Amino acid sequence: MESPGPRARCPVQQQRARWERKRACTARELLETERRYQEQLGLVATYFLGILKAKGTLRPPERQTLFGPWELIYDASQELLPYLEGGYWGQGLEGFCRHLELYTQFAANAERSRTTLQEQLKKNKRFRRCVQLQEGRPEFEGLQLQDLLPLPLQRLQQYENLVVALAENTGPNSPDYQQLTRAARLISDTAQRVHTIGQKQKNDQHLQRVQALLSGRWAKGLTSGRWFLRQGWLLVVPPTGEPRPRMFFLFSDVLVMAKPRPPLHLLKSGTFACRALYPMAQCQLHKVFGHSGGPCGGLLSPELEESYKFQNSPYSKVRARNTKESSSALNKAQNPLWFDEGYFVFAKLLLGHLTSSQEPGTQLQHN
């Protein structure tokens, strides 16, 4: 049996070498990107925030709403960079974690900042001219102020990825292992809080938009306190006559069916009138097979006494067009909603959400 050659290395040593290479690569990327990030923060602080403050183009409350704690974030980066350049990763990042609350504050102010920017660009001529002049500087490489404002939130995501990778590739015997581990945990927690804030802001935007689309006395406050998931057109097939397109709004707890108002309506053109609201907790999903013999349709069946109707003569039983196999299932269901095959895209997403805890075969598929 041949003995291993002199150049053969122990698997443990090879693994340690790989960790060290990954650590060095991650550390180098963290340093280089931090330099670029600090440079961009400084450009915005100098050419936008500083000039607007010196000229008095914006009042202090408007300027604070627009930029939030930008200058404090810039100071935190200036404090961190010397530690990274000196190779004191653990000490520098652990000290940087004291400033993470600034990123949470910045995220909470992000929506107000976007709104303020749009309002000031629209109504403040001096501000608009100043912004256009600064955006034309070669230092910004064609980026606009609206592209630069999200920089701290984008950088926080980079911090999470890089610092976690740096901690994972640092050996337990390293002197800065504990510091890097704590920093990675704190940065990840902050990134998660910022993500939650962003999701809530997006949801509020969707709710405001949907509330504006829904009209009628039943629509008031309909979206309050809910999470919007998706919307789309579906065909509802009545017992007699042609299928009727309806707009469906899917929320975290209810499904709203709305009828489009006539385009020539004097006051409410382009809006939708609520016709039914189906609580998801009281709905059942039935597997319905189409004429092709495969799973290509879906049936949402709430019990009649549990569903809330917004019209005097609600849909009772609806049928599937050209679908013989589904007749028995439809006859057993009270007040079902048939999602016609022609509108399968949104229906697939809807049924996929409703069946996330059920067997995959119940989801709508298109043949």
Side-chain angles (χ1 to χ4, degrees), residues 26 29-30 32-34 36-38 40-41 44 64-77 79-80 84 89 92-118 143-169 179-211 223-231 249-254 280 349-350 352-354 356-357:
T26 303
E29 183 178 357
L30 178 60
E32 293 174 353
T33 54
E34 184 65 23
R36 176 56 179 163
Y37 173 56
Q38 186 180 122
Q40 292 176 316
L41 289 176
V44 173
Q64 178 63 29
T65 302
L66 179 58
F67 293 99
W70 190 280
E71 291 176 308
L72 295 177
I73 292 176
Y74 181 37
D75 292 340
S77 177
E79 180 182 325
L80 171 64
L84 301 185
W89 309 99
L93 290 169
E94 189 176 40
F96 173 75
C97 289
R98 298 194 301 268
H99 307 290
L100 288 176
E101 183 61 28
L102 297 173
Y103 286 84
T104 305
Q105 297 172 9
F106 191 88
N109 183 66
E111 182 57 31
R112 294 179 58 204
S113 175
R114 284 190 291 266
T115 303
T116 301
L117 177 60
Q118 294 172 359
L143 295 175
Q144 297 180 339
L145 181 56
Q146 64 181 1
D147 304 319
L148 296 167
L149 286 178
L151 277 176
L153 301 183
Q154 296 169 0
R155 182 56 179 169
L156 180 62
Q157 186 61 54
Q158 292 179 337
Y159 279 141
E160 181 184 18
N161 297 335
L162 294 173
V163 175
V164 168
L166 191 64
E168 289 177 346
N169 290 285
Q179 293 174 320
L180 288 175
T181 302
R182 286 194 296 267
R185 185 181 67 253
L186 292 173
I187 292 175
S188 296
D189 292 344
T190 303
Q192 182 59 45
R193 288 197 297 271
V194 167
H195 176 73
T196 302
I197 292 173
Q199 291 295 102
K200 188 178 184 305
Q201 291 176 347
K202 290 181 180 179
N203 182 66
D204 291 341
Q205 293 176 3
H206 284 303
L207 293 182
Q208 293 174 5
R209 177 184 58 81
V210 172
Q211 189 66 68
T223 62
S224 177
R226 292 191 162 99
W227 281 89
F228 173 82
L229 299 179
R230 52 179 63 90
Q231 72 181 66
F249 299 92
L250 179 63
F251 297 92
S252 53
D253 60 335
V254 295
M280 293 291 98
L349 296 175
L350 169 62
H353 170 76
L354 296 177
S356 58
S357 60

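These numbers come from a predicted model, not from an experiment.
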Original post:
How many angstroms lie between atom CG of D204 and atom NZ of K202, to the nearest 0.5 angstrom?
Top reply: 12.5 Å
Original post:
Hey, are E160 and Q157 close enough side-chain-wise for a donor-acceptor pair under 3.5 Å?
Top reply: yes
Subject >> Heavy-atom pair of closest approach, residues L30 and L93 >> reply: CD2-CD1, 4.3 Å
Original post:
Within the distance-only criterion (no hydrogens, no angle test), does the side chain of W227 pair as donor or acceptor with the backbone N or O of F251 below 3.5 angstrom?
Top reply: no
**OP:** Please name all residues satisfying ring-ring contact (aromatic ring centres under 6.0 Å, His included) with Y159, sequence neighbours left out, ordered by chain then number.
**Re:** F96
**OP:** Report the C-alpha separation of L102 and Y74 in whole Å, then their side-chain angles, then the decisive distance to 0.1 Å, and conclude whether the side-chain contact (heavy atoms from CB on, under 4.5 Å) test is met.
**Re:** CA-CA 10 Å; L102 297 173; Y74 181 37; over 6 Å; no
Original post:
Rounded to the nearest 0.5 Å, what separation is found between the CZ atom of F106 and the OG atom of S113?
Top reply: 6.0 Å
**OP:** Indicate yes or no for a side-chain donor-acceptor contact from T196 to the backbone of Q192 under 3.5 Å, with no hydrogens or angles considered.
**Re:** yes
Original post:
Can you find a heavy atom in the side chain of Y37 that is under 4.5 Å from one in the side chain of S77?
Top reply: yes
**OP:** Report the distance from atom CZ of R226 to atom CG of L250, rounding to the nearest 0.5 Å.
**Re:** 11.5 Å
Original post:
Looking at side-chain heavy atoms only, is the closest gap between Q208 and Q211 below 4.5 Å?
Top reply: no
Subject >> Close side-chain approach of L166 and L162, heavy atoms under 4.5 Å >> reply: no
Original post:
Is there a side-chain contact between R209 and Q231 (heavy atoms, below 4.5 Å)?
Top reply: yes
**OP:** State, with a plain yes or no, whether a side-chain heavy atom of R98 is found less than 4.5 Å away from one of E79.
**Re:** yes
**OP:** Report yes if the side chains of Q201 and R114 come closer than 4.5 Å at any heavy-atom pair, otherwise no.
**Re:** yes
Subject >> Residue pairs passing the salt bridge (charged side-chain N to carboxylate O under 4.0 Å, His left out) test where at least one lies in residues 182-196, sequence neighbours excluded >> reply: E94-R182
Subject >> Heavy-atom check, side chain of W70 versus side chain of D75, under 4.5 Å >> reply: no
Original post:
Would you say the side-chain atoms of N109 pair up with the backbone N or O of T65, donor to acceptor, closer than 3.5 Å?
Top reply: yes
Original post:
When rounded to the nearest 0.5 angstrom, what distance separates NE2 in H206 from CZ in R230?
Top reply: 11.0 Å
Original post:
A183 and C97: which non-hydrogen atoms are nearest, and at how many Å?
Top reply: CA-SG, 3.7 Å
Original post:
Is the shortest heavy-atom distance from the side chain of V164 to the side chain of E168 under 4.5 Å?
Top reply: yes
Output side-chain donor-acceptor pairs under 3.5 Å for residues 146-156, partner residues at least two apart or in another chain, one line each.
unit_1 : atom_1 : unit_2 : atom_2 : d
Q146   : NE2    : Q144   : OE1    : 2.9
D147   : OD2    : Q144   : N      : 3.1
R155   : NE     : E34    : OE1    : 3.3
R155   : NH1    : T33    : OG1    : 2.9
R155   : NH1    : Q158   : OE1    : 2.9
R155   : NH2    : T33    : OG1    : 3.2
R155   : NH2    : E34    : OE1    : 2.8

Original post:
Roughly how far, to the nearest 0.5 Å, is the CD atom of Q38 from the CD1 atom of I73?
Top reply: 13.0 Å
**OP:** Starting at CD of Q64, measure out to CZ of R112 and round the result to the nearest 0.5 Å.
**Re:** 9.0 Å
